[in-house]
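This report refers to the structure that appears directly beneath it.
When reading the values below, keep in mind they use all heavy atoms of this one structure, side chains included, and skip hydrogens, waters and symmetry mates.
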Amino acid sequence: MRYDRIDARILEIMQKNNRLTSETIGEMVGLSATACQRRLKRLRSGGIVEADVSIVSAKAVGRPIQMLVLVSLERERSDIIDKFKRAIKSSDEVVNGFYVTGDADFILYITARTMEDYEQFTRRFFYENLDIKSFKTMVIMDRVKAGFAVPIKAPSED
């Protein structure tokens, strides 16, 4: 989907605060609330805006243990990869999952209430899955930056 410089500005604003009204965003970009709503609807239906979310502190909701886990599969076959992707999507403990290149096949961001809870999760999620060759856990000591904002470049006007 194509977008213009006004759409780019709307996207920048939304990424900083998705609770602003169409009226407020419209004022910031020089549009009426109705015109802004139309653009927002198009950006959402076109897949540029994937979701409107709030970033919740895992620590504040009782999940202070956070890990990045590198997972290597036994074999790289499409059915095994697809099966593991489904497992990631259906797990509440896995906050983010990425299929990657390099030393690991997947990188997971996982939260837990305690290390004991994480150990139980590993038994269920990793050890019982015969398609997993290995996994390496890195405990997060401090979350320095949290967000999903991506740099938006306005398309050139040709």
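- Here the shortest heavy-atom pairing between Asp52 and Asn18 reads C-ND2, 3.5 Å.
- Under a hydrophobic clustering in which Ile, Leu, Val, Met, Phe, Trp and Tyr are joined whenever their side-chain heavy atoms come within less than 4.5 Å, directly or via other members, Ile132 and Ile81 fall into the same cluster.
- At a threshold of 4.5 Å between non-hydrogen side-chain atoms, the residues Thr111 and Glu93 do not count as touching.
- Within 6.0 Å of the CZ atom in Arg42, the count of heavy atoms belonging to other residues, nucleotides or ligands exceeds 12.
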side-chain contact (heavy atoms from CB on, under 4.5 Å) evaluation trace for Glu74 with Ile80: CA-CA 9 Å; Glu74 200 62 59; Ile80 293 172; over 6 Å; no

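- Judged by distance alone, the side chain of Ser45 and the main-chain N or O of Lys41 form a donor-acceptor pair under 3.5 Å.
- Contact check for Val61 versus Val56: side-chain heavy atoms found under the 4.5 Å cut-off.
- Counting heavy atoms from C-beta outward, Phe135 and Leu70 have side chains that stay 4.5 Å or more apart.
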Under 3.5 Å, sequence neighbours excluded: what are the donor-acceptor pairs made by side chains of residues 136-151?
from   : atom 1 : to     : atom 2 : distance (Å)
Thr137 : OG1    : Tyr118 : OH     : 2.6

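- Distance check, rounded to the nearest 0.5 Å: CE of Met115 to CD1 of Ile65 gives 6.5 Å.
- Hydrophobic cluster membership is shared by Leu20 and Ile6, with clusters built from Ile, Leu, Val, Met, Phe, Trp and Tyr side chains linked at under 4.5 angstrom.
- The neighbour count for Lys83 NZ, taken as heavy atoms of other residues, nucleotides or ligands under 6.0 Å away, does not exceed 12.
- Across all non-hydrogen atoms, the minimal contact from Gln37 to Ser22 is CG-OG, 3.1 Å.
- Using a 4.5 Å cut-off between side-chain heavy atoms of Ile, Leu, Val, Met, Phe, Trp and Tyr, with links allowed through other members, Val71 and Tyr109 fall into different hydrophobic clusters.
- Cluster membership for Ile107 and Phe126, using ILVMFWY side-chain heavy atoms within less than 4.5 angstrom, is not shared.
- Atom CD1 in Ile25 sits 7.0 Å away from atom OG1 in Thr21 (nearest 0.5 Å).
- Leu31 contributes atom CG, which lies 6.0 Å from atom SG of Cys36 (distance to the nearest 0.5 angstrom).
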Audit row: Leu40, Val49, side-chain contact (heavy atoms from CB on, under 4.5 Å) steps and yes/no: CA-CA 8 Å; Leu40 285 167; Val49 174; 5.8 Å; no

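- Under the 3.5 Å distance criterion, the side-chain polar atoms of Asp105 are matched with a main-chain donor or acceptor of Leu73.
- With sequence neighbours left out, Asp79 forms a side-chain hydrogen bond (donor to acceptor under 3.5 Å, both in side chains) with Arg77.
- Judged by distance alone, the side chain of Asp7 and the main-chain N or O of Asp4 form a donor-acceptor pair under 3.5 Å.
- Each of Val95 and Met67 belongs to its own hydrophobic cluster when Ile, Leu, Val, Met, Phe, Trp and Tyr are linked at side-chain heavy-atom distances under 4.5 angstrom.
- By the 6.0 Å contact criterion, CD on Glu23 is open, its count of non-hydrogen atoms from other residues, nucleotides or ligands being 12 or less.
- Going from atom CZ of Arg124 over to atom OG of Ser91 covers 7.0 Å, rounded to the nearest 0.5 Å.
- With rounding to the nearest 0.5 angstrom, the CE atom of Met28 is 10.0 Å from the CD atom of Glu12.
- Judged as a ring-ring contact (aromatic ring centres under 6.0 Å, His included), and not counting sequence neighbours, Tyr3 has no contacts.
- Within the structure, ring-ring contact (aromatic ring centres under 6.0 Å, His included) pairs that include any residue of residues 36-89 comprise Phe84-Phe106, Phe84-Phe125 (at least two apart or interchain).
- Its side chain outside the 4.5 Å cluster rule for every partner, Leu130 clusters with none of the Ile, Leu, Val, Met, Phe, Trp and Tyr residues.
- Between the CZ atom of Arg63 and the CD atom of Gln66 there is a distance of 10.0 Å, given to the nearest 0.5 Å.
- No donor-acceptor pair closer than 3.5 Å links the side chain of Asn96 to the backbone N or O of Leu108.
- With a 4.5 Å cut-off on side-chain heavy atoms, Val94 and Lys89 do not count as touching.
- The side-chain hydrogen bond (donor to acceptor under 3.5 Å, both in side chains) check on Glu50 picks up nothing, with sequence neighbours excluded.
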